[in-house]
Colleague: 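So that we are looking at the same thing, I have put the structure below in structure tokens.
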Amino acid sequence: MKKIVIGLLLFLVFAPSLTLAAEDRDTAQQIDAFMKAALAKYHIPGASLAVVHQGQTVYQESWGTMSDGSAVTEDTSFLIGSVSKPLTALAMMMLAEEGKLKLDDPIETYIPWFTYQTDSGKSITVRHLLEQTSGISAYDGMKVTDRQDRDQETGIARAAAELSGVKLSHAPGETYEYNSANYLLLGAILESASGQTFSAFMGTRIFSPLGMNRTAADYESAVSKGLMQGYRSWLGKPVKGEGLYDPSGSPYGYMSSSSADLAKFIKFMLYGGDLVTEQGLKQLRTPPEPNRRYGLGWHFPRSGEKYPYHTGATPEYRSELFIMPEQELGAVLLMNKYHELEAVSYLSIMEGIRSIMKGQEPHLAEMNISTQRMTLGVVLLLAAVSVLSLIRLQRKTAINKPLWVCAGTLSLIIAAALIPLFTYSMGISWRTVGLFLPDIAFLVQCLIGVLAVYGLLTVIFVAAKRKAQVK
């Protein structure tokens, strides 16, 4: 009887733990199956995921390979894109609490060499840059971001100087417009206020204290920690990239890190630490005003629960990180493939992870490459029509010369105007199209080639026939 009573007591003590362990195993199995399905569906070569709950990394797994064939692990280096911005925002809060800068000071207090044109009497402040309300347009920002033609030592200041003199599209503080150049300027301000290079400050003041030993904010350090080329997406399929890295881009998108390191950053954002005060941490996690979507370095959902999150992308990498302080939950997902038109599909991966953690059924969005297919179809159709038209023109003995000349001339005009029209309608530079939509850029160039060749040959054939008729 005594043994039975002891057995019952032991069961009552350990049964809850056994149930929780079983639930954890079930959740892990669900996440693993979901992630394998997502990576296969979206043709992603390699990825790494970490989930933090109640202070512990409750799930840590990696899949696939990097571009050199090595297996992805929790310590594998990925470019983290705009997930760099929350880290830069943390650095600015640290300097503010140390009295080395004030968030509501005009930026010329720290970078007096930077000028801008504005119709209002307002100045851009450090806070405006953090909240993406500086008034600098995204189009102007694209002219100085994602560039590889700068050196590491003077990259940030040089890139910021290239933007100097910009005309603001809105009055500072009035309109939200997401723009990586805002964080480029924050990098220049950090260097001025701290007296250190951006990479040195981040390494000694943030990465090292948090134990983020696989994280880097400069190219040489990133390569030494294993960073390599990722993959660009062509018609949905991965193609090894060239390893684009912007030496001036660390403040806004070119830090490298691993899922294990970013899990440590998540824990800091959930529970705090020595880097900033509790009040400073609260400011970083506070949602913006109701009509805004961006706080101090973080996006917040437009509706529903307001929690900090950020996505990030470079031409060859994609990342996403979120924290839910009230639920003590956070996660980071790193992947080594990107395409701008696949971005919406990728969002469903992390949404699925959140659903699983809430005990709900996850769903994956369809991978939509209809734009690429449609563009390819237009190119092939136009090429076929052009060939048939030229054959017809060659065979005709009597032709309507003005009509054919107009058709050829119009084709040449469209070929010359296609890229300006394309970039104007999309509001981005052609260089950005080439980086983030490589297959679309290639197909548009093919379209221009078809139009130009058709227009030129049409004019030449008409002139030749006219000359033959004169003889």
Side-chain angles (χ1 to χ4, degrees), residues 137-149 162 169 232-242 244 313-316 338-343 368-470:
S137 72
Y139 185 84
D140 285 325
M142 289 174 192
K143 297 175 184 176
V144 297
T145 55
D146 300 298
R147 301 281 294 271
Q148 204 163 7
D149 54 347
E162 289 174 12
S169 59
R232 306 175 88 186
S233 182
W234 286 72
L235 296 172
K237 299 300 175 64
V239 175
K240 188 175 178 180
E242 299 173 357
L244 184 141
T314 68
E316 300 166 18
Y338 188 70
H339 191 289
E340 186 64 27
L341 294 180
E342 297 170 18
N368 189 352
I369 58 170
S370 58
T371 302
Q372 294 97 308
R373 287 174 176 166
M374 227 161 62
T375 308
L376 176 60
V378 169
V379 172
L380 295 176
L381 179 62
L382 187 61
V385 170
S386 298
V387 169
L388 292 173
S389 180
L390 289 170
I391 292 172
R392 184 182 170 203
L393 176 59
Q394 275 289 78
R395 289 176 177 175
K396 276 183 174 286
T397 54
I399 61 170
N400 185 336
K401 296 184 184 70
L403 180 62
W404 283 98
V405 169
C406 284
T409 304
L410 182 60
S411 184
L412 289 170
I413 291 172
I414 294 173
L418 195 56
I419 286 178
L421 286 172
F422 186 87
T423 54
Y424 177 79
S425 63
M426 294 189 68
I428 58 177
S429 69
W430 182 249
R431 185 175 61 85
T432 303
V433 174
L435 290 174
F436 293 93
L437 299 97
D439 46 6
I440 292 290
F442 175 75
L443 291 172
V444 169
Q445 288 169 333
C446 289
L447 191 59
I448 291 169
V450 170
L451 287 166
V453 169
Y454 171 75
L456 189 61
L457 289 178
T458 299
V459 172
I460 290 171
F461 287 172
V462 170
K465 282 186 176 292
R466 183 176 182 182
K467 187 176 179 181
Q469 286 173 0
V470 170

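Note that the structure is a prediction, hence the values are computed from the model and not measured.
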Colleague: Give the minimum heavy-atom separation between Thr409 and Val459, together with the two atoms involved.
Modeller: N-CG2, 4.4 Å
Colleague: Is Thr432 reaching over with its side chain to a backbone N or O of Ile428, donor-acceptor style, under 3.5 angstrom?
Modeller: no
Colleague: CG of Leu435 to CZ of Arg232: how many Å apart, nearest 0.5 Å?
Modeller: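 Spacing of CG (Leu435) from CZ (Arg232) equals 6.0 Å.
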Colleague: If you look at every heavy atom in Leu244 and Glu316, which pair is closest and at what distance?
Modeller: N-OE2, 3.5 Å
Colleague: To the closest 0.5 Å, what do you measure between CG (Leu393) and OG1 (Thr458)?
Modeller: 6.0 Å
Colleague: Can a donor-acceptor pair be found, under 3.5 Å and without considering hydrogens, that links the side chain of Thr423 to the backbone of Ile419?
Modeller: yes
Colleague: For side-chain contact (heavy atoms from CB on, under 4.5 Å), just list the numbers for Ile440 and Leu341, CA-CA rounded to whole Å, side-chain angles, deciding distance to a tenth of an Å, and then say yes or no.
Modeller: CA-CA 10 Å; Ile440 292 290; Leu341 294 180; 4.2 Å; yes
Colleague: Counting N and O atoms only, with roles assigned by atom type, does the side chain of Arg431 sit under 3.5 Å from a partner on the main chain of Met142, one being a donor and the other an acceptor?
Modeller: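 Yes, the answer is positive, given that a donor and an acceptor are paired below the 3.5 Å cut-off.
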Colleague: Of all the heavy-atom pairs spanning Gly434 and Ala441, show the shortest one and how long it is.
Modeller: CA-CB, 3.8 Å
Colleague: When rounded to the nearest 0.5 angstrom, what distance separates OG in Ser233 from CD in Gln372?
Modeller: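 Spacing of OG (Ser233) from CD (Gln372) equals 7.0 Å.
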Colleague: Quick one: closest heavy-atom pair of Val450 and Ser386, and the distance?
Modeller: CG1-OG, 3.7 Å
Colleague: Would you say the side chain of Pro438 lies within less than 4.5 Å of the side chain of His339, judging by non-hydrogen atoms?
Modeller: yes
Colleague: Measure the CH2-CZ distance between Trp404 and Phe461 for me, rounded to the nearest 0.5 Å.
Modeller: 10.5 Å
Colleague: Can you measure from SG (Cys446) to CG (Asp439) and round to the nearest 0.5 angstrom?
Modeller: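 Separation between the atoms: 11.0 Å.
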Colleague: Calculate, to the nearest 0.5 Å, the distance between atoms CG and CE belonging to Leu437 and Met426 respectively.
Modeller: 5.5 Å
Colleague: If we only count heavy atoms from C-beta on, is the Leu447 to Leu418 side-chain gap below 4.5 Å?
Modeller: yes
Colleague: Tell me yes or no: between the side chains of Ser389 and Tyr454, is some donor less than 3.5 Å from an acceptor?
Modeller: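 Indeed, the side chains of Ser389 and Tyr454 share at least one donor-acceptor pair under 3.5 Å.
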Colleague: Quick one: are Tyr338 and Thr314 in side-chain contact, heavy atoms under 4.5 Å?
Modeller: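 Side-chain contact under 4.5 Å: no.
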Colleague: Taking atom CZ of Phe442 as the centre, report whether more than 12 heavy atoms of other residues, nucleotides or ligands fall under 6.0 Å from it.
Modeller: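 Atom CZ in Phe442 is not crowded, with 12 or fewer foreign heavy atoms closer than 6.0 Å.
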Colleague: Hey, does Trp430 have a side-chain heavy atom less than 4.5 Å from the side chain of Val444?
Modeller: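 Side chain of Val444 against side chain of Trp430, heavy atoms only: contact under 4.5 Å found.
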Colleague: Compare every heavy atom of Pro420 with every heavy atom of Ala416, then report the nearest pair and how far apart it is.
Modeller: O-CD, 3.7 Å
Colleague: If every non-hydrogen atom of Leu456 is compared with every non-hydrogen atom of Leu412, which pair is closest and at what distance?
Modeller: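 Shortest heavy-atom separation between Leu456 and Leu412 comes out as N-CD2, 3.8 Å.
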Colleague: Run Ser429 and Tyr139 through side chain to side chain donor-acceptor pair (under 3.5 Å) and show every step you take.
Modeller: CA-CA 7 Å; Ser429 69; Tyr139 185 84; over 6 Å; no
